[in-house]
Trainee: 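One structure coming up, written as structure tokens, with questions to follow.
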Amino acid sequence: MYFERVHEAESFYQILRESCSDWKAFRRRGDIHTIHIVPEDELDWENCKQKLSQLLSNIYIKHREIPAIQTILEKTYRFTNAEEIERITSLAMSLIEKDEDIYEHRIHQHELHDILQTIFMLHMEKGLIRFDSIVHFRFHHYIEQLSELVGLAIDEFKREEDYQSFIHSVREFIARKEPEIDVIYVLEGEQYYFFREDGSQYTETDLEELMSRFPLYIFALQEEEWNISPLIMLAPNHVYLFGDDPTEPRMTTVINIFQEHCTFFPTAEFPFPAEEEKGS
């Protein structure tokens, strides 16, 4: 097995020694690029290829997958900002490493790594196997699939940027706005339910009146947005938030906006009775 890069040859050699007890691996003095492999038991070539292709895939993933993503970002998508490249690379790796439901129709867990292993298997011959030749000349399909996945990561990056911009603008608005109330209690439901400190509930009419005074278009909020808009308009000094899961997207948005001015509690600890009525 021949590697142009010495550190990759060393990695391959170490993997063989640690995980392939039935194979003997050695290097000749003065030739640090070539690893010689001798199976101790007689194995058929197909089994050898299966095993070797998995090991070579691991070498590629360890040493070249992240650089390949960054090259695609720079040369295909024309990104130049180092921080953006790092963030998108991280998003791309998360898509590769786990099955994301929102992309289920486009990617599957470890699909790219399956492609890697298949490519190595198809282009491996007895005798001298050149790792770099396979990577340079046989990786067209893999690079196409990786480029598509990087595009999905860029889309996710842009959504995150838009979200952070929204959060920042709302925080600034609330910081400048005079609070309408000191404290508000918010109960999670299909729509949020809002309560004053004395336990009285904001009715749908109350919320409609509030929202009629609020220029929703400033933050690209929809007219029917009943969860965030009342809180922005009221700009309370503190929000007591009651729900089942603080990582739920709507909950996370409220917590991110109000930060230390927001306290989360389980729904069971809500202190007031609530009517199941939209927006009230």
Side-chain angles (χ1 to χ4, degrees), residues 91 94-95 98-106 109 152 155-280:
L91 287 167
S94 72
L95 291 177
K98 63 183 180 180
D99 198 358
E100 297 283 355
D101 292 340
I102 57 174
Y103 299 129
E104 192 170 359
H105 67 295
R106 303 283 293 279
Q109 187 175 15
L152 296 177
D155 291 341
E156 185 64 22
F157 168 75
K158 290 178 178 176
R159 277 191 288 270
E160 285 189 5
E161 287 282 283
D162 291 343
Y163 177 76
Q164 292 302 325
S165 176
F166 165 74
I167 294 295
H168 178 71
S169 61
V170 172
R171 282 180 191 160
E172 286 195 328
F173 176 84
I174 290 174
R176 292 194 302 266
K177 187 179 185 303
E178 188 71 25
E180 302 274 335
I181 56 172
D182 184 43
V183 170
I184 191 168
Y185 290 76
V186 182
L187 177 63
E188 181 185 27
E190 185 176 345
Q191 297 287 348
Y192 282 177
Y193 304 99
F194 302 92
F195 295 77
R196 300 173 182 86
E197 197 169 6
D198 63 4
S200 62
Q201 187 172 352
Y202 282 90
T203 66
E204 185 171 334
T205 302
D206 293 334
L207 296 180
E208 286 176 344
E209 194 277 328
L210 273 175
M211 293 168 68
S212 69
R213 297 189 281 117
F214 177 59
L216 294 170
Y217 63 86
I218 292 177
F219 303 115
L221 291 169
Q222 301 299 314
E223 293 291 339
E224 64 275 10
E225 212 297 311
W226 292 86
N227 299 315
I228 306 300
S229 300
L231 290 173
I232 297 173
M233 188 62 209
L234 290 168
N237 287 320
H238 202 92
V239 177
Y240 292 102
L241 191 59
F242 295 80
D244 298 321
D245 180 9
T247 65
E248 189 271 333
R250 294 180 304 172
M251 287 279 179
T252 300
T253 297
V254 174
I255 292 169
N256 284 341
I257 289 172
F258 288 93
Q259 297 179 303
E260 69 274 11
H261 301 289
C262 180
T263 307
F264 177 85
F265 296 96
T267 301
E269 297 184 22
F270 189 71
F272 310 127
E275 298 177 9
E276 297 293 324
E277 178 188 352
K278 176 188 173 184
S280 63

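Because only heavy atoms are used, hydrogens play no part in the values below, and waters and symmetry mates are left out as well, while side chains stay in.
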Trainee: Taking distance alone, no hydrogens or angles, what donor-acceptor pairs closer than 3.5 Å link side-chain atoms of residues 261-268 to residues at least two apart or in another chain?
Mentor:
from	atom 1	to	atom 2	distance (Å)
His261	ND1	Asn237	O	3.3
Thr263	OG1	His238	NE2	2.7
Thr267	OG1	Gly243	O	3.3
Thr267	OG1	Asp244	OD1	3.0

Trainee: Can you find a heavy atom in the side chain of Val170 that is under 4.5 Å from one in the side chain of Ile174?
Mentor: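 Val170 reaches Ile174 side chain to side chain.
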Trainee: Can I get a per-line list of side-chain donor-acceptor pairs under 3.5 Å for residues 249-257, giving both atom names and the distance, sequence neighbours left out?
Mentor:
from	atom 1	to	atom 2	distance (Å)
Arg250	NE	Glu248	OE2	3.4
Arg250	NH1	Gly189	O	3.3
Arg250	NH1	Glu190	O	3.1
Arg250	NH2	Gly189	O	2.9
Thr252	OG1	Pro246	O	3.2
Thr252	OG1	Thr247	O	3.3
Thr252	OG1	Glu248	O	3.1
Thr253	OG1	Tyr163	OH	3.1
Thr253	OG1	Pro249	O	3.0
Asn256	ND2	Tyr163	OH	3.1
Asn256	ND2	Thr252	O	3.3

Trainee: For the residue pair Tyr185 and Phe242, does the interplanar ring angle fall in the parallel (under 30°), tilted (30 to 60°) or perpendicular (over 60°) class?
Mentor: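 Parallel, since the angle between the ring planes stays under 30°.
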Trainee: Check whether any side-chain N or O of Ser165 sits under 3.5 Å from a backbone N or O of Asp162 as a donor-acceptor pair, and report yes or no.
Mentor: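 Checked: no pair found.
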Trainee: To the nearest 0.5 Å, what is the distance between CG on Leu231 and CZ on Phe194?
Mentor: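 If I round to the nearest 0.5 Å, the distance is 4.5 Å.
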Trainee: Is the shortest side-chain N to carboxylate O distance from Lys158 to Glu161 below 4.0 Å?
Mentor: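 So Lys158 does not pair with Glu161 through a salt bridge.
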Trainee: Apply side-chain contact (heavy atoms from CB on, under 4.5 Å) to Glu160 and Leu91, showing your working.
Mentor: CA-CA 11 Å; Glu160 285 189 5; Leu91 287 167; 3.6 Å; yes
Trainee: Using the test salt bridge (Lys or Arg N to Asp or Glu O under 4.0 Å), find all partners of Asp206 that sit at least two apart in sequence or belong to another chain.
Mentor: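 So Asp206 forms a salt bridge (Lys or Arg N to Asp or Glu O under 4.0 Å) with Arg196.
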Trainee: Indicate whether the side chain of His168 and that of Glu172 have a donor and an acceptor atom separated by less than 3.5 Å.
Mentor: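 Short answer, yes.
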Trainee: With Glu197, which residues qualify under salt bridge (Lys or Arg N to Asp or Glu O under 4.0 Å), at least two apart?
Mentor: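 Partners of Glu197 by the salt bridge (Lys or Arg N to Asp or Glu O under 4.0 Å) criterion come out as none, since no residue qualifies.
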Trainee: Could you give the distance from CG (Leu241) to CZ (Phe270), rounded to the nearest 0.5 Å?
Mentor: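 Going from the CG atom of Leu241 to the CZ atom of Phe270 covers 10.5 Å.
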Trainee: Mind checking side-chain contact (heavy atoms from CB on, under 4.5 Å) for Leu234 and listing every partner two or more places apart, or none if nothing turns up?
Mentor: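 Only Glu180, Ile181, Ile184, Tyr202, Leu210, Pro236 meet the side-chain contact (heavy atoms from CB on, under 4.5 Å) criterion with Leu234.
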Trainee: Restricting to salt bridge (Lys or Arg N to Asp or Glu O under 4.0 Å), what partner residues turn up for Glu208, sequence neighbours left out?
Mentor: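 Applying salt bridge (Lys or Arg N to Asp or Glu O under 4.0 Å) to Glu208 gives none.
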Trainee: Is there a side-chain contact between Gln201 and Tyr193, using heavy atoms and a 4.5 Å cut-off?
Mentor: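 A side-chain contact under 4.5 Å exists here.
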Trainee: Nearest 0.5 Å, please: how far is CD1 in Ile232 from NZ in Lys177?
Mentor: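 CD1 of Ile232 is found 10.5 Å from NZ of Lys177.
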